[in-house]
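The structure displayed is predicted, hence computed values, not measured ones.
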Amino acid sequence: QVQLLESGGGSVQAGGSLRLSCKVTGITGGSYYIGWFRQPPGKEREGVAVIWTAGGTTTYSADSVKGRFTISQDTNKNMLYLQINSLKPQDTAIYYCAADTLTPMMTAQQALGSTQLYNYWGQGTQVTVSS
């Protein structure tokens, strides 16, 4: 059974940093997409950064977070991370870890935008950034 468990959220001031973690259990081999999504208050869920594990490791990041957010994976520890730097108030959201183990291949736009394709989700962790 696949389970995703996020941690590391909190309240920080603008300009600060956080490191989100996601404990991944139950994904046993093969290629899949795994990444971070967020849902700001009153808005739809959006993709932040995704890793495609086929072949090497390919990462996709939303334009709004490039240069500030870094996704990484430690397969030995079954962990997914999101390092968030230079936080802005507009980064305030619930951040979710999600995995798509069914879709064989997606474009970057699909990987970040097609939340309906992700078949496993964590419960989310709140990030609040104050100005």
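Taking the side chain as every heavy atom from C-beta outward, T70 and L82 never approach each other to under 4.5 Å. Between W36 and L80, the closest side-chain pair of non-hydrogen atoms falls below 4.5 Å. Looking at heavy atoms from C-beta onward, Y95 lies in side-chain contact with I84 at the 4.5 angstrom threshold. Residues I34 and Y120 form no side-chain contact, since every pair of their non-hydrogen atoms from C-beta on lies 4.5 Å or further apart.
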Practice problem: Would you check, one step at a time, whether the test side chain to side chain contact (heavy atoms under 4.5 Å, CB included) holds for Q73 with T53? | Solution: CA-CA 10 Å; Q73 186 181 27; T53 66; 3.8 Å; yes

Quiz item: Taking it one step at a time, do Y33 and Q110 satisfy side chain to side chain contact (heavy atoms under 4.5 Å, CB included)?
Solution: CA-CA 11 Å; Y33 291 85; Q110 288 172 322; over 6 Å; no

Practice problem: Take W52 and M106, measure what side chain to side chain contact (heavy atoms under 4.5 Å, CB included) needs, and give me the verdict at the end. | Solution: CA-CA 9 Å; W52 182 36; M106 290 190 279; over 6 Å; no

Quiz item: Where do E46 and V65 land on the side chain to side chain contact (heavy atoms under 4.5 Å, CB included) test, with the steps shown first?
Solution: CA-CA 12 Å; E46 61 184 13; V65 305; over 6 Å; no

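Residues meeting the side-chain hydrogen bond (donor to acceptor under 3.5 Å, both in side chains) test with R68, sequence neighbours left out: D91. Listed by chain and residue number, nothing satisfies the ring pair (Phe, Tyr, Trp, His ring centres under 6.0 Å) test with Y96 (two or more places apart in sequence, or in another chain).
Across all non-hydrogen atoms, the minimal contact from F37 to G47 is CD2-CA, 3.3 Å. Closest heavy-atom contact between A93 and Q126: O-NE2, 3.4 Å. The two atoms that bring V2 and G26 nearest to each other are CG2-O, 3.6 Å, heavy atoms only.
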Can I get a per-line list of side-chain donor-acceptor pairs under 3.5 Å for residues 10-22, giving both atom names and the distance, sequence neighbours left out?
unit_1	atom_1	unit_2	atom_2	d
S17	OG	N85	OD1	3.0

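Interatomic distance, T101 OG1 to Y118 OH, rounded to the nearest 0.5 Å: 11.0 Å. Remark: S131 OG to Q90 CD distance equals 10.0 Å, nearest 0.5 Å.
Side-chain N or O atoms of E6 include one that pairs as donor or acceptor with a backbone N or O of Q123 at under 3.5 Å. Panel note: side chain K77, backbone K23; no donor-acceptor pair is recorded below 3.5 Å.
In the hydrophobic clustering of this structure, Y60 groups with M105; members are Ile, Leu, Val, Met, Phe, Trp, Tyr whose side-chain heavy atoms approach within less than 4.5 Å, directly or through other members. Neither V48 nor W121 shares a network with the other; the hydrophobic side chains, linked directly or stepwise wherever heavy atoms of I, L, V, M, F, W or Y lie under 4.5 Å apart, form separate groups for each. The cluster map of Ile, Leu, Val, Met, Phe, Trp and Tyr, joined by side-chain heavy atoms under 4.5 Å apart, puts Y32 and L4 in the same cluster.
A donor-acceptor contact closer than 3.5 angstrom is absent between the side chains of T25 and N78.
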